[in-house]
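Inspection log for the structure reproduced underneath, given as C-alpha cells.
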Amino acid sequence: MANRGNPYQKADGYTKRARERGFPARSVFKLEDIDRRARLLRPGMHVLDLGAAPGSWTMYAADRVGPQGRVLAIDLSPITVALPDNARTVQGDAFEVANEDLAAFAPYDVVLSDMAPATTGSRSTDAIRSAALVERAIAVADELARPGSALVAKLFMGGEYDAVRALIRERYATLKTLRPDGVRAHSVEVFLVATGRRA
C-alpha cells in the first residue's frame with residue numbers, strides 16, 4: 001500500500017502565503033482570523049502563548065501588541081524563529097513548568113493555547129488528551145490572567161467538549177466556538193474563544 005504521508009505536512013495555499021509574509025507556519029491565519037472576529041489583541045497588552053512553536057502566533061501577537069506590549073511563548077520544542085524585543089521564550093512542558101516561570105509578564109490580558117497532543121490515531125484518545133491541555137491552559141489563566149482578560153484554546157472535538165466549555169463558562173462572560181480560516185477541511189480542531197474573565 002502506498003504511504004500517503006501526513007496530510008498536515010502538505011503545503012497548501014495558506015502555507016505559501018505564510019512563508020511569503022515571513023511566518024514559519026500556516027497557523028498564523030487561524031489566530032489572525034480569531035483576532036479579527038473577537039478583537040482580541042491591542043497595543044500594550046501582555047500575552048501568554050502556550051504551545052507556541054514554531055512561533056507564528058508569537059510573531060503575530062508581538063506585532064499586534066507593539067513595542068509597549070509583551071509576549072511570553074512556551075513550547076516543548078525550541079522556538080528558533082527570530083522574535084522582536086517584546087517577546088521572550090521558555091522551552092518546557094506546560095504541565096511541568098512552574099507558574100512562576102510563566103509569570104514574566106503577568107498578569108496577562110490574553111492567554112493563547114495552540115497546544116495539541118501527539119496524536120495516536122484514536123480520535124477519542126486524542127480528544128481526551130486535547131481536553132487535558134485546554135484544562136491546563138484554564139488553570140494557568142486562573143493563576144496568571146487579569147480580570148477582564150481573554151482565553152483562546154484549541155480543542156479536538158470529542159466527548160469532553162461540553163465539560164470543557166462548562167469550565168470556561170464558569171470563568172468568562174462570553175464564550176464562542178470558532179473554526180477559523182486556516183483550519184484544514186479534515187481537521188477535528190476548533191478554538192474556544194472566551195472574553196471577559198470574571199474577577
Side-chain angles (χ1 to χ4, degrees), residues 27 30-42 44-52 57-58 60-61 64-65 69-76 90 92-119 122-180 182-183 187-199:
S27 57
K30 301 174 189 178
L31 180 57
E32 185 176 63
D33 189 39
I34 292 168
D35 185 28
R36 178 182 60 81
R37 292 160 72 176
R39 298 178 181 177
L40 284 177
L41 299 167
R42 296 187 297 278
M45 281 185 161
H46 288 199
V47 178
L48 178 61
D49 184 7
L50 303 169
W57 278 32
T58 306
Y60 177 85
R64 290 284 289 140
V65 302
R70 296 291 182 269
V71 181
L72 183 69
I74 177 172
D75 200 284
L76 277 170
V90 174
D93 187 330
F95 282 93
E96 296 176 359
V97 172
N99 281 354
E100 52 262 33
D101 294 322
L102 301 178
F105 303 135
Y108 292 100
D109 300 288
V110 181
V111 174
L112 303 172
S113 174
D114 197 30
M115 293 189 292
T119 54
S122 165
R123 282 201 172 187
S124 60
T125 298
D126 293 344
I128 290 169
R129 293 180 177 181
S130 172
L133 292 172
V134 177
E135 289 169 7
R136 172 57 175 155
I138 293 168
V140 169
D142 283 347
E143 295 296 324
L144 300 178
R146 71 170 73 247
S149 62
L151 171 71
V152 176
K154 177 161 69 181
L155 176 67
F156 291 177
M157 287 296 292
E160 292 66 38
Y161 174 73
D162 288 337
V164 170
R165 280 178 57 88
L167 285 175
I168 296 175
R169 278 191 172 132
E170 291 172 0
R171 294 162 167 81
Y172 294 83
T174 66
L175 173 62
K176 296 179 180 179
T177 300
L178 301 181
R179 190 174 168 86
V183 173
S187 174
V188 295
E189 69 185 46
V190 294
F191 287 83
L192 304 176
V193 182
T195 58
R197 181 175 178 81
R198 299 187 176 96

All side-chain contact (heavy atoms from CB on, under 4.5 Å) counterparts of Ala153, not counting sequence neighbours
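So Ala153 forms a side-chain contact (heavy atoms from CB on, under 4.5 Å) with Ser113, Val134.
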So which atom in Ile74 and which in Gly92 form the shortest heavy-atom distance, rounded to 0.1 Å?
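Closest heavy-atom pair between Ile74 and Gly92: CG1-O, 3.8 Å.
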Minimum-distance pair of heavy atoms, taken over all atoms of Ala94 and Met115:
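Looks like CB-SD, 3.6 Å.
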Test of understanding: with ring pair (Phe, Tyr, Trp, His ring centres under 6.0 Å), list the residues that count as partners of Tyr172, not counting sequence neighbours.
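Here no residue qualifies.
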Any donor-acceptor pair under 3.5 Å from Arg129 side chain to Pro117 backbone:
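Flag not set: sc Arg129 to bb Pro117 has no pair under 3.5 Å.
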Report yes or no: does Asp75 contribute a side-chain atom to a donor-acceptor pair with the main-chain N or O of Ala52 at less than 3.5 Å?
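Judged by distance alone, yes, a pair lies under 3.5 Å.
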Restricting to salt bridge (Lys or Arg N to Asp or Glu O under 4.0 Å), what partner residues turn up for Arg36, sequence neighbours left out?
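In terms of salt bridge (Lys or Arg N to Asp or Glu O under 4.0 Å), with neighbours along the sequence ignored, Arg36 is linked to Asp33.
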Apply salt bridge (Lys or Arg N to Asp or Glu O under 4.0 Å) to Asp142 and list each qualifying residue two or more places apart in sequence or on a separate chain.
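For Asp142, the residues satisfying salt bridge (Lys or Arg N to Asp or Glu O under 4.0 Å) (neighbours in sequence not counted) are Arg171, Arg197.
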Checking side-chain contact (heavy atoms from CB on, under 4.5 Å) between Val47 and each of Leu112, Val152, Val111, which is the one that passes?
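Single side-chain contact (heavy atoms from CB on, under 4.5 Å) partner of Val47 among Leu112, Val152, Val111: Leu112.
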Sequence neighbours excluded and cut-off under 3.5 Å, please list the side-chain donor-acceptor pairs for residues 156-168, or say none.
from	atom 1	to	atom 2	distance (Å)
Tyr161	OH	Thr177	OG1	2.8
Arg165	NH1	Thr177	OG1	2.6

Scan for salt bridge (Lys or Arg N to Asp or Glu O under 4.0 Å) pairs involving residues 96-110, sequence neighbours excluded, and state none if there are none.
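For residues 96-110: Asp109-Arg146.
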Determine whether Thr119 and Asp126 satisfy the following criterion, side-chain hydrogen bond (donor to acceptor under 3.5 Å, both in side chains), listing intermediate values before the conclusion.
CA-CA 6 Å; Thr119 54; Asp126 293 344; 4.8 Å; no
